[in-house]
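Below: one structure, written as structure tokens.
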Amino acid sequence: MREHIRTIKTAMWLDYQITANWTRPITFFTYNIAKPVGASLLLLAMYYVVTGRIMGTMALSFIYVGNAFYMILGQVMMDLGWLVHEDREHYQTLKYIMISPSSYYSYLMGRAATRFLLSVFPVIFLLLLGLLIPIPYRFNYPLLIFTTLFGWIFMVSAGLLLNTITLLTARYGGSIGEAFAGLFYLLSGVIFPLSVLPEYLTKFALFLPSTYWFSLVRRSVLGVETDPFLSQLSLNLCIGLFFLTTLCFLVLSLAFYFSMDYLARRKGVLEMITTY
Amino acid sequence: MHVNAIEVRNVWRIFKSRDGIVEALKDVNLEVRKGELFGLLGPNGAGKTTLIRILTTLLLPTRGEAYVLGYNTAKEEDKIRPLINMVSGGEYSGYGLLTVKENLWMFSQFYGIPSRVAKGRILELAKELKFEDILNKKVRNLSTGQRQKMNIARAFLTDPKVIFLDEPTLGLDVEVAREIRSFVKRWITEKEDRTVVLTTHYMHEAEQLCDRIAIINEGKIIALDTAENLKKRVSSEFSLLLRIAPKIDVSWIKNIEGVLNFISRVEDDGLRLRIIMEREESIGDIVDGFIRRGGKITYLSKEEPTLEDVFLKLTGRGLE
């Protein structure tokens with residue numbers, strides 16, 4: 001376990017250096033916040049154009065909070081999509097990490113953890129900004145902390161699933177990340193209720209941890225779930241289903257990791273250069 | 001206790017792609033003793049890197065088995081990885097936004113070396129490999145030679161039992177290549193149980209460094225012995241080096257009695273030839289042959305046999 005923690009810590013450090021080391025910390029954090037804030041303001045503008053009003057509705061709160069927390073999920077997915085390709089083809093370090101005694105899985109967990117943490121800061125800023133709209137917050141802090149921390153496990157699992165696929169692909173890593181992020185955006189009730197989806201997609205959404213994560217986010221930030229479909233679930237059931245689906249994702253990602261690692265070694269693609 | 005650091009048994013590696021099937025390794029058998037500096041000598045595409053990839057657990061053999069320190073490379077990679085390391089030449093690996101010191105420290109952490117110990121070792125290696133002045137320089141700003149020194153340090157930092165050096169001096173200037181060779185030689189003599197596997201297509205490098213050399217061509221080991229013994233295979237022969245202008249047909253050379261093999265390389269204004277011969281009397285026939293065909297001999301030299309001549313005799317092609 002000590003080895004895994006050490007690898008995760010080192011990978012987190014590395015990821016921060018790669019992500020933030022191009023400028024001064026203050027510039028980096030401004031950039032880190034400005035990008036998602038811009039996207040949220042754009043969403044508010046669209047809402048205003050469509051509805052003709054901006055203040056104080058529950059629908060806006062649903063959209064605003066869902067969109068703010070989607071920043072974390074979207075960012076982690078899209079960034080992780082490139083990670084294997086970057087290490088393998090741009091930095092050419094993948095094979096040296098692979099032949100080290102450290103688990104590559106732990107390494108990826110560390111890299112994903114930094115992306116996750118860096119995405120949390122803009123969300124805090126967006127929640128503060130929400131006070132001006134105003135969004136009717138009714139925070140349940142213990143639930144929010146649980147949801148955020150456990151969300152990390154779900155996102156790491158999803159990110160690793162994605163990463164292990166890109167071990168075998170040539171140059172579409174980024175696209176796979178965007179596709180994953182888009183899938184979660186569409187099917188997890190981020191900015192519209194699940195009930196508007198066709199029935200078969202609603203059923204499919206019930207297998208995604210992200211569906212319950214966003215529901216728990218709304219319950220912990222707004223104090224209520226306004227999605228007509230998900231509001232039928234009690235809080236405990238929602239937590240249980242989130243826990244269960246996340247566990248399934250974690251097991252699936254581990255199974256995928258070992259299969260893809262074996263396939264990559266069999267095909268000889270761990271040193272493949274295709275993009276750069 | 002295993003006497004051999006490496007054992008390769010009937011290893012085949014076949015790559016299948018849309019372009020066809022490539023047999024990169026064909027029934028390779030090999031044993032490298034502990035404490036040995038072992039060379040794999042062969043031209044580009046001979047299968048050297050494929051064999052290294054299998055031994056470093058990055059690639060599975062299609063058939064056969066390979067063992068490093070008694071562990072199977074296909075099934076026991078977790079036991080092998082803490083004991084080995086590798087360096088590849090001719091690549092630009094490393095995180096450009098990190099400094100040299102940070103890059104090295106990071107890799108040391110993947111091997112579980114305590115931070116303070118790692119920092120001490122980095123300074124020692126920097127001193128030995130003469131790159132102390134660039135420790136705080138960002139990797140993106142390094143020259144090819146500096147980057148390769150950093151990568152050499154990365155691999156030796158973990159004090160591996162077996163180290164794989166895949167063309168470590170490829171593309172480096174003479175001085176840096178010499179420093180790296182001296183360092184490798186010093187490193188292996190410091191402790192008895194250290195083993196180095198070096199692939200190269202520079203014959204002088206193999207000759208200078210290696211205790212034993214395996215010559216590999218088209219996926220097969222075609223000879224394995226000490227450099228001295230390999231050269232004895234052509235001791236009754238000599239090589240004739242010639243430069244001819246202009247470019248003319250040279251296929252007739254192989255019909256001359258006493259010529260064992262030859263290679264020709266095209267140059268700007270003519271040809272460069274290396275001919276392995278066993279009869280001095282035939283030199284006149286060769287000179288005469290060129291004059292009759294309108295070729296002008298601009299350079300002619302008779303040389304003692306080298307490893308390249310061994311390779312030429314065995315395969316009919318040059319190393320580079």
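Letters A, B, ... mirror the listed sequences (proteins, then strands); counts begin at 1.
- Of the two parts of B:Lys138, only the side chain, counted from C-beta on, holds a non-hydrogen atom closer than 4.5 Å to a non-hydrogen atom of chain A.
- Across all non-hydrogen atoms, the minimal contact from B:Pro82 to A:Pro101 is CA-CG, 3.7 Å.
- Annotation: B:Lys161, atom NZ; neighbour count of heavy atoms from other residues, nucleotides and ligands within 6.0 Å does not exceed 12.
- Contact of B:Thr158 with chain A is not made at all, since no heavy-atom distance falls under 4.5 Å.
- Note that CD of B:Glu102 is 5.5 Å distant from CD of A:Gln17, once rounded to the nearest 0.5 Å.
- Here the straight-line distance linking atom OH of A:Tyr91 with atom CG of B:Leu98 works out to 8.5 Å at 0.5 Å rounding.
- For the atom pair A:Ile99 CD1 and B:Leu55 CG, the distance stands at 11.5 Å (nearest 0.5 Å).
- Listed here is the closest heavy atom pair of A:Tyr96 and B:Met86: CE2-O, 3.4 Å.
- If you take NZ on A:Lys267 and CZ on B:Phe15, they are separated by 12.0 Å, rounding to the nearest 0.5 Å.
- With rounding to the nearest 0.5 angstrom, the NE2 atom of A:His90 is 10.5 Å from the OH atom of B:Tyr95.
- Counting non-hydrogen atoms of other residues, nucleotides and ligands closer than 6.0 Å to CG of A:Leu128 gives a total above 12.
- Using a 4.5 Å cut-off between heavy atoms, B:Glu77 contacts chain A through its side chain alone, with no backbone atom that close.
- In this structure, A:Phe256 places its CZ atom where only 12 or fewer heavy-atom neighbours from other residues, nucleotides or ligands lie under 6.0 Å away.
- With hydrogens and angles ignored, the 3.5 Å screen pairs a side-chain donor or acceptor of A:Arg265 with a backbone N or O of B:Thr57.
- Between A:Lys95 and B:Glu91 there is a side-chain heavy-atom pair separated by less than 4.5 Å.
- Note that CD of A:Gln92 and CG of B:Asn151 are 9.5 Å apart. Values are rounded to the nearest 0.5 Å.
- Neither the backbone nor the side chain of B:Val139 comes within contact range of chain A; no heavy atoms are under 4.5 Å apart.
- Annotation: maximal heavy-atom pairing with chain B below 4.5 Å, among A:Asp261, A:Thr7, A:Ile97, A:Thr10, occurs at A:Thr10.
- Contact of B:Thr73 with chain A is made through the backbone alone, with heavy-atom distances under 4.5 Å.
- Ranking A:Ser100, A:Ala264, A:Gly268 against chain B, the residue ahead of the rest is A:Ser100, based on heavy-atom pairs under 4.5 Å.
- Residue A:Phe28 qualifies as enclosed at atom CZ: its count of foreign heavy atoms under 6.0 Å is above 12.
- Proximity of a side-chain donor or acceptor of B:Arg81 to a complementary backbone N or O of A:Met98 within less than 3.5 Å is detected.
- A 6.0 Å sphere centred on CZ of A:Phe243 holds no more than 12 heavy atoms belonging to other residues, nucleotides or ligands.
- Contacts of A:Arg6 with chain B are made by side-chain atoms alone, with heavy-atom separations under 4.5 Å and no backbone atom involved.
- By the neighbour-count criterion of 12 heavy atoms within 6.0 Å, atom NZ of B:Lys220 is sparsely surrounded, having that number or fewer from other residues, nucleotides or ligands.
- The candidate from A:Leu14, A:Leu270, A:Val269 with the greatest count of non-hydrogen atom pairs under 4.5 Å with chain B is A:Leu14.
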